[in-house]
There are 2 protein chains.
Amino acid sequence: MVKYQSDTLDHIFSALSDPTRRAILARLALGETTVSELAEPFDMSLPAVSKHLKVLEGVGLLVRERQGRLHLCQIDGAPMREAANWIGRYRRFWDTQLDSLADYLERSNTNNRKNPSGGKNG
Amino acid sequence: MVKYQSDTLDHIFSALSDPTRRAILARLALGETTVSELAEPFDMSLPAVSKHLKVLEGVGLLVRERQGRLHLCQIDGAPMREAANWIGRYRRFWDTQLDSLADYLERSNTNNRKNPSGGKNG
DNA sequence: TTGATATTTAACCATTGAGTTAAGTAATGG
DNA sequence: CCATTACTTAACTCAATGGTTAAATATCAA
């Protein structure tokens with residue numbers, strides 16, 4: 001039984017896994033705007049978008065500044081840093097010329113099954 | 001109506017949003033291993049882990065090399081590149097000195113609007 | 001006050017996701 | 001052959017997610 005990692009990471013990745021939400025963030029990257037303007041491009045109801053905004057707000061990717069009846073929304077990328085850091089730890093598995101690990105293993109490793117206690121990758 | 005972005009991104013982020021799956025990847029980063037060894041640390045049934053592996057395999061983050069009745073699993077980070085690229089586009093929203101937009105607002109604004117919706121604890 | 005505008009909340013529904021147990025498949029070895 | 005080992009598939013439950021419509025809230029503007 002292993003102790004689980006940060007569950008904010010769960011929520012950040014989960015928030016980013018929805019295309020509508022990513023599109024909203026893309027729009028927000030251009031500058032702050034209102035809920036209805038955010039909703040406009042999508043073929044879905046306003047409440048649906050409202051929920052998406054709530055999710056983004058929940059993980060801190062979106063910040064609201066209410067101005068009368070308008071809700072001005074801005075992006076806050078800070079939570080993405082965590083995600084980026086996590087993914088970054090796996091950079092060596094994709095950022096090199098050895099795209100797939102298979103290549104790497106083929107070259108560096110004759111036959112070390114299982115625990116690579118003498119492992120040199122790092 | 002806006003055209004959606006890559007739906008592989010959906011699946012990659014979704015795959016990464018599960019802590020069990022991330023833990024599996026972490027283990028895999030240490031070297032290839034079998035299904036049962038991957039399953040061992042978790043307090044869940046083998047079929048449950050099997051499903052997780054299938055998800056990871058589905059997005060290409062895991063590669064199997066069957067060897068008799070053992071399924072040797074390796075990580076393939078390649079799909080993460082896409083996720084990293086996507087997140088990277090938002091780097092300016094977190095990599096700068098203005099860490100969180102909240103700080104910015106706090107300074108430039110009346111600081112009364114901190115927790116607008118307040119719904120859940122988060 | 002009345003009505004329109006901006007947005008959320010509530011209640012509901014269908015689909016998906018993560019887990020379960022039980023059964024099935026395939027390779028190994030006495 | 002038969003049992004064991006390694007793993008998957010099937011069938012099911014339960015909770016969460018993403019959408020809906022209808023109603024509620026709050027602000028602006030006559």
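All chains are named by letter (A, B, ...) in the order of the sequence lines, taking the proteins before the strands, and each is independently numbered beginning at 1. Note that the coordinates shown come from a computational prediction; the quantities given were computed from them, not determined experimentally.
A:S14 and B:S17 make their closest contact through N-CB, 3.5 Å (heavy atoms, listed as atom of the first residue, atom of the second, distance). Across every non-hydrogen atom of A:R27 and A:G31, the tightest pair is NH1-O, 3.2 Å.
A:T34 comes within contact range of the sugar-phosphate backbone alone, with a heavy-atom separation under 4.0 Å but no base atom that close.
For the pair A:L56 CG and D:dG18 C1', the computed distance is 14 Å after rounding to whole Å. For the pair A:L72 CG and D:dA26 C1', the interatomic distance rounds to 16 Å; values are reported in whole Å. Summarising the geometry, the separation between CZ on A:F42 and P on D:dG18 is reported as 13 Å, rounded to the nearest angstrom. Whole-Å rounding puts the A:L46 CG to C:dT5 C1' distance at 11 Å. Following rounding to the nearest Å, A:F13 (CZ) and D:dT17 (C1') show an atom-to-atom distance of 19 Å. C:dA6 atom C1' lies 13 Å from atom CG of A:L53, rounded to whole Å. B:K54 places its NZ atom 11 Å from the C1' atom of D:dA10, with the value rounded to the nearest Å.
When side chains are defined from C-beta on, B:W86 counts as touching A:M80, because their heavy atoms get closer than 4.5 Å. Put simply, the side chain of B:V63 does not reach to within 4.5 Å of the side chain of B:E32, judged on heavy atoms. Looking at heavy atoms from C-beta onward, A:L61 lies in side-chain contact with A:L16 at the 4.5 angstrom threshold. With contacts defined as side-chain heavy-atom distances shorter than 4.5 Å, the pair B:L28/B:C73 qualifies.
Distances shown here put every side-chain N or O of B:S45 at or beyond 4.0 Å from the OP1 or OP2 atom of C:dG19. Distances shown here put a side-chain N or O of A:H71 below 4.0 Å from the OP1 or OP2 atom of C:dT8. Contact between the side-chain N/O atoms of A:K51 and the OP1/OP2 oxygens of D:dT20 is not found at any separation under 4.0 Å.
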What are the atom names and distances for every N/O pair under 3.5 Å that joins the protein to nucleotides 27-29 of chain D?
residue, atom, partner, partner atom, Å
D:dT27, O2, A:R69, NH1, 3.3

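Among the candidates A:L62, A:L30, A:L25, the single residue satisfying the side-chain contact (heavy atoms from CB on, under 4.5 Å) test with A:I75 is A:L25.
Between A:H11 and A:P47, the residue anchored closer to the 5' end of DNA chain D is A:H11, taking for each the nucleotide with the nearest heavy atom.
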